[in-house]
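Ligands are counted one by one from 1 in listed order, and the atoms in each one are counted from 1 as well.
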Amino acid sequence: MREPGTAPSLERWRSLESRGVRVDFPFFLAPMVGLSHVALRMTARGYLPRDAKTLLFTEMLSSRRLPAERMGDRPETASEPEETNLVPQLLGNEERFIAASLVKLEAMHPAAVDINMGCPVTQALKHNWGVALMGDPAYAEDVVRTTVRLSPWPVSVKLRTGLDDDLEYLLDFCRMLESAGAAWITLHPRIARQQRRGSANWDYIGRVRDAVGIPVIGNGDVQTSEDALALVRRTGCDGVMIGRAAVARPWIFWQIGEALGLPPPAGQERHASPADGYAEGSEFHRAFERFVDLAEPRFPARDARKRVNFFVHWGARWLDFGHELWRQVSSASNMAETRARARTFFTKPQRMTARTVLRS
Ligand SMILES: Cc1cc2nc3c(=O)[nH]c(=O)nc-3n(C[C@H](O)[C@H](O)[C@H](O)COP(=O)(O)O)c2cc1C
């Protein structure tokens, strides 16, 4: 039996309880375009320790687009009534769009709203959205204060190291976010130009945590449950956000819970979490089936297949023959064929590696 790991401190989260944010398992599925929709969120939710309270983020939602939309019409805005701890993420900067977007988000009954200050794509930089906001602290402060004033829910911010690698600037920026009313911060410690290349500088997560009094969630390059707990140990962060690896192994939440001595997910009482490469390979197939079951009835056929292909594109990287699975699935002509091809692929035991080289 392994020694239980160290859980993040819940102390800073407690002060948010009176505002409706209840977190006792601070391990979070990251916002990811094309991935963090209701089907992946529900897949991940099924792997949470029983009764665990966490937050689930949507992918970034454009504040220019939301006001004209009907919620639930696109996979990006669909949600389920049982998704009680949702945190939709907004991309934007202008008050009138933010105000109108917040009205739309009521349909999701969010626990909080997150502001994207990390997106590094050219389009975001051009419009002064995403990480571009980190280049102009006064403007970023204005965006946070405005959102806090307009939002019925707590407002958090997800950011990067910044446009440049300047720790003092980052610390000042985070102190500014706190004084502008941010309820918590998620830090992905890479600079904008890195996109997702190189490695995340976890040391900055600890430095930011020391500089502010609100919860700080660390993010970047967590591939296994051991990595997640190592990030907590090394930085003292109040939570860990997992992106790419949570697509590949959404049961990472079960593995983390198990390492912390928490109960298994509902329905898994008789099982231990997948513990080796082949057990993870078979679990990938189960998670894939579950994901397809969730996506198929909720999204229009074309959208569902696109999302399934994208899930495999990102998730299968940890499988020894993941590229072959992706080739098979992405060339299928309908969902029945997608399922059949995956079934054939998994008739042979498949191995997942604990860590892979993440180049994008
Ligand atoms: C396909 C993809 C889409 C992403 N979209 C978003 C997004 O919408 N909002 C956001 O804040 N970060 C986004 N990210 C960044 C992740 O949330 C996360 O910060 C990054 O992947 C590092 O974490 P990881 O190493 O655990 O993947 C995206 C990442 C990927 C791979």
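- Checked by atom type and distance alone, the side chain of E80 never pairs as donor or acceptor with a backbone atom of E83 at under 3.5 Å.
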Show the atom names and distances, to 0.1 Å, of all donor-acceptor pairs under 3.5 Å that link a side chain in residues 22-36 to residues at least two apart or in another chain.
from	atom 1	to	atom 2	distance (Å)
D24	OD1	K53	N	2.7
S36	OG	A30	O	2.6
S36	OG	M32	N	2.8

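- Taking a heavy-atom cut-off of under 4.0 Å, ligand 1 is surrounded by A30, P31, M32, V33, L35, M60, Q89, N116, K158, H188, R196, N219, G220, D221, I242, G243, R244, W314.
- A salt bridge links R70 with D73; the closest basic N to acidic carboxylate O contact falls under 4.0 Å.
- Through ILVMFWY side-chain contacts below 4.5 Å, F97 is grouped with nothing and stands alone.
- Qualifying ring pair (Phe, Tyr, Trp, His ring centres under 6.0 Å) partners for H313, counting only residues two or more places apart in sequence or in other chains: F310, W326.
- Counting only N and O atoms by type, the side chains of D114 and S156 include a donor and acceptor under 3.5 Å apart.
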